[in-house]
Trainee: 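My questions will all concern the structure given below.
Position 1 is the first residue of the sequence, and the numbers go up from there. Model, not experiment: these values are computed from the prediction.
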Amino acid sequence: MRTVRAAAAIALASALTAVAGCGGGSSSGGGGSNESPKTLTYWASNQGPSIEADKKILTPELKKFERETGIKVKLEVVPWADLLNRILAATTSGQGPDVLNIGNTWSASLQATGALLPWDQKNFDAIGGRDRFVDSAVASAGAEGQDPSAVPLYSLAYALYYNKKMFADAGISQPPATWDQLIADGKKISKDGKWALGAEGANLSNNIHQVFALGKQHGADFFDKAGKPTFTSDGGVAAVKQYVDFMAKDKIIAPGNAEYAQNQSLQDFAKSKTAMVLWQAAASTFASQGMKPEDWGVAPVPVPSGTPGTGQNLNSMVAGINIAVFNNTKNIDGAKKFVKFMTSDAEQKLLNKTYGSVPPVKAAQEDPAFSASDVKVLRDTLATSAAPLPQVANESQFETTVGTAVKSLFADAAAGKPVTTESVKAALTKAQQQMTQ
């Protein structure tokens, strides 16, 4: 799953200055060039249930591209836990791919290195134009006021997945729409070895995704307009405490979830040990673990009151994957042709259907597959109640420092230690100090 990527993010902030102006590019002897565009190297992110599954999905499409253009694509699917470190190594050594996938939350940070091709009007025109893409997806591809450093490839949002049988067994007829309802339902479910809500308490990126949306509901942005961290605002503290309190106070998350970081909460859900998870496009993972579509339902992530998208009722970060080109590739024309292929209407429909994500290309969204009930929730969330994480150069360090603070608070909750407003503020103060040193 995409959310394990922050484990490597701590290296990024210190690397920004060192790698400025550097880049990757095909280093193999048979690599392509503008004069002889034979080969491209492509680092794909692990989107499916396994790396092997991704290879099976992508290889026929890359063969199709080769037939159309004569350009062979050398594919490597890189696990999320390794991807950022691999990218950083490539930017410093110059030994990397021509084209690569990046988590969209890294866009502004990697943009600051100067290693990625800026997508100005000329480059967007080469792939059909910027206006083909959903605005919120492009907004997650780089800092505001600058040319994006990547192009949206797969769009995602968070939804509430719920186990229908566990709900029925607890006498609950519909998914919760508000946090108060979720807690009330959760207390009915959390007994006899069953738990209401799954979490990945040791997954730094997932922690940030959850507290960012809660922070928006509490009126917190985590950074001011100048890009200075404001982690200890009242809203920021309230958001973190609310999330950790699902375990510490409300007792609807199992203490063992404090150590989860590798999608174990999805495994618990599939085994009917946990009734709900907040996740991005989980359908393919549930299917791979033996669940049938009728076993689970999807609803918008709860809000304090009312409906998502009204007032401060944002309920998801703009999640997703962007595709980028290293600035110093020897085959810039071939790389842009490949980006055009991967973001074509046909490929967008096929790949996003396969992965259960939402196409960031407007025309592709018109396919009936993206009106199915589960995907429709993700699509509507992206359109009405999602916002990109702060597009600041040190965003990845934000994921690391605040994500680690939340991880430590979950560990306290699992150990039975009190999680108070004061302890939350102290943890966020430490994170903010680390960001400003």
Side-chain angles (χ1 to χ4, degrees), residues 1-9 12 43-47 78 80-81 83-84 86-88 99-113 115-119 124 127 130 132-159 203-210 212-213 216 222-223 279-281 314 316-326 339 342-343 348 351-352 355-362 364-365 378-379 381-383 385-400 403:
M1 188 70 184
R2 293 145 287 278
T3 50
V4 299
R5 62 182 176 267
L12 186 55
W43 286 356
S45 50
N46 179 200
Q47 300 301 122
V78 184
W80 276 110
L83 185 56
L84 184 56
R86 293 282 301 278
I87 294 170
L88 292 175
V99 185
L100 70 161
N101 289 0
I102 64 173
N104 68 357
T105 63
W106 302 340
S107 294
S109 297
L110 291 172
Q111 182 181 46
T113 70
L116 302 182
L117 176 73
W119 286 86
F124 262 118
I127 62 169
R130 179 171 176 156
R132 296 180 59 241
F133 298 87
V134 175
D135 288 341
S136 63
V138 177
S140 69
E144 185 176 358
Q146 299 183 40
D147 291 325
S149 59
V151 176
L153 184 64
Y154 312 125
S155 287
L156 294 159
Y158 276 87
N203 185 316
L204 310 189
S205 185
N206 189 280
N207 287 342
I208 286 297
H209 297 172
Q210 307 304 336
F212 170 76
K216 285 291 190 180
F222 293 101
F223 290 87
W279 211 261
Q280 310 169 24
L314 181 145
S316 177
M317 47 85 73
V318 175
I321 313 305
N322 295 338
I323 187 167
V325 174
F326 269 120
V339 173
M342 292 292 283
T343 59
Q348 282 287 289
L351 292 172
N352 281 280
Y355 287 128
S357 48
V358 179
V361 171
K362 297 173 186 176
Q365 286 191 7
L378 303 178
R379 189 190 70 191
T381 296
L382 284 168
S385 59
L389 287 179
Q391 292 293 308
V392 294
N394 55 0
E395 188 282 328
S396 292
Q397 193 181 5
F398 164 54
E399 292 192 30
T400 303

Trainee: Do the rings of His209 and Tyr158 sit parallel, tilted or perpendicular, given the 30° and 60° boundaries?
Mentor: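 Judged by the thresholds at 30° and 60°, the geometry between His209 and Tyr158 is perpendicular.
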Trainee: Testing the basics here: between Asn104 and Ala319, what is the closest heavy-atom pair and its distance to 0.1 Å?
Mentor: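 Heavy-atom minimum between the residues: ND2-C, 3.3 Å.
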Trainee: Over all heavy atoms of both residues, which pair between Phe212 and Pro388 is shortest? Give the atoms and the distance, please.
Mentor: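 In this case the closest contact between Phe212 and Pro388 is CZ-O, 3.3 Å.
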Trainee: Step by step, work out the side chain to side chain contact (heavy atoms under 4.5 Å, CB included) result for Lys362 and Val134.
Mentor: CA-CA 6 Å; Lys362 297 173 186 176; Val134 175; 4.1 Å; yes
Trainee: Residues in side-chain contact (heavy atoms from CB on, under 4.5 Å) with Arg379, at least two apart?
Mentor: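 Partners of Arg379 under the side-chain contact (heavy atoms from CB on, under 4.5 Å) test: Val358, Gln365, Ser371, Lys376.
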Trainee: Can you find a pair of side-chain heavy atoms, one from Lys216 and one from Phe222, that are under 4.5 Å apart?
Mentor: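 SC-SC contact between Lys216 and Phe222 ruled out.
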Trainee: Quick check: closest heavy atoms across Pro148 and Phe124, and the distance to 0.1 Å?
Mentor: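 Closest pair (atom of Pro148, atom of Phe124, distance): CG-CE1, 4.0 Å.
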Trainee: Less than 3.5 Å apart, any donor N or O on the side chain of Ser205 or Glu399 sitting next to an acceptor on the other?
Mentor: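 Looking only at side-chain atoms, Glu399 and Ser205 do form a donor-acceptor pair, the distance falling under 3.5 Å.
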Trainee: Which distance, rounded to the nearest 0.5 Å, do you find between the CG of Leu382 and the CE of Met317?
Mentor: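 CE of Met317 is found 10.0 Å from CG of Leu382.
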Trainee: Which heavy atom in Leu378 sits nearest to a heavy atom in Gly356, and how many Å separate them?
Mentor: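 Leu378 and Gly356 have their closest heavy atoms at CD1-O, 3.8 Å.
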Trainee: Does Trp106 reach the side chain of Ile87, with side-chain heavy atoms less than 4.5 Å apart?
Mentor: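 Answer yes - side chains close enough.
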Trainee: Has Arg132 got a side-chain atom pairing as donor or acceptor with Thr343's backbone, closer than 3.5 angstrom?
Mentor: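 Yes; at least one donor-acceptor contact below 3.5 Å.
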Trainee: Do Val138 and Trp119 have side-chain heavy atoms sitting under 4.5 Å apart?
Mentor: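 They are not in contact (no side-chain heavy atoms under 4.5 Å apart), so the answer is no.
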Trainee: Walk me through whether Phe398 and Val392 qualify under side chain to side chain contact (heavy atoms under 4.5 Å, CB included).
Mentor: CA-CA 9 Å; Phe398 164 54; Val392 294; 6.0 Å; no
Trainee: Quick check: closest heavy atoms across Gln391 and Ser107, and the distance to 0.1 Å?
Mentor: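 Answer, listing the atom of Gln391 first, then Ser107: OE1-CB, 4.1 Å.
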Trainee: So, for Leu204 and Thr400, which heavy atoms are closest and what is the spacing to 0.1 Å?
Mentor: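 Answer, listing the atom of Leu204 first, then Thr400: CD1-O, 4.0 Å.
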Trainee: Test side chain to side chain contact (heavy atoms under 4.5 Å, CB included) on Asn101 and Leu153 and set out the steps.
Mentor: CA-CA 8 Å; Asn101 289 0; Leu153 184 64; 3.6 Å; yes
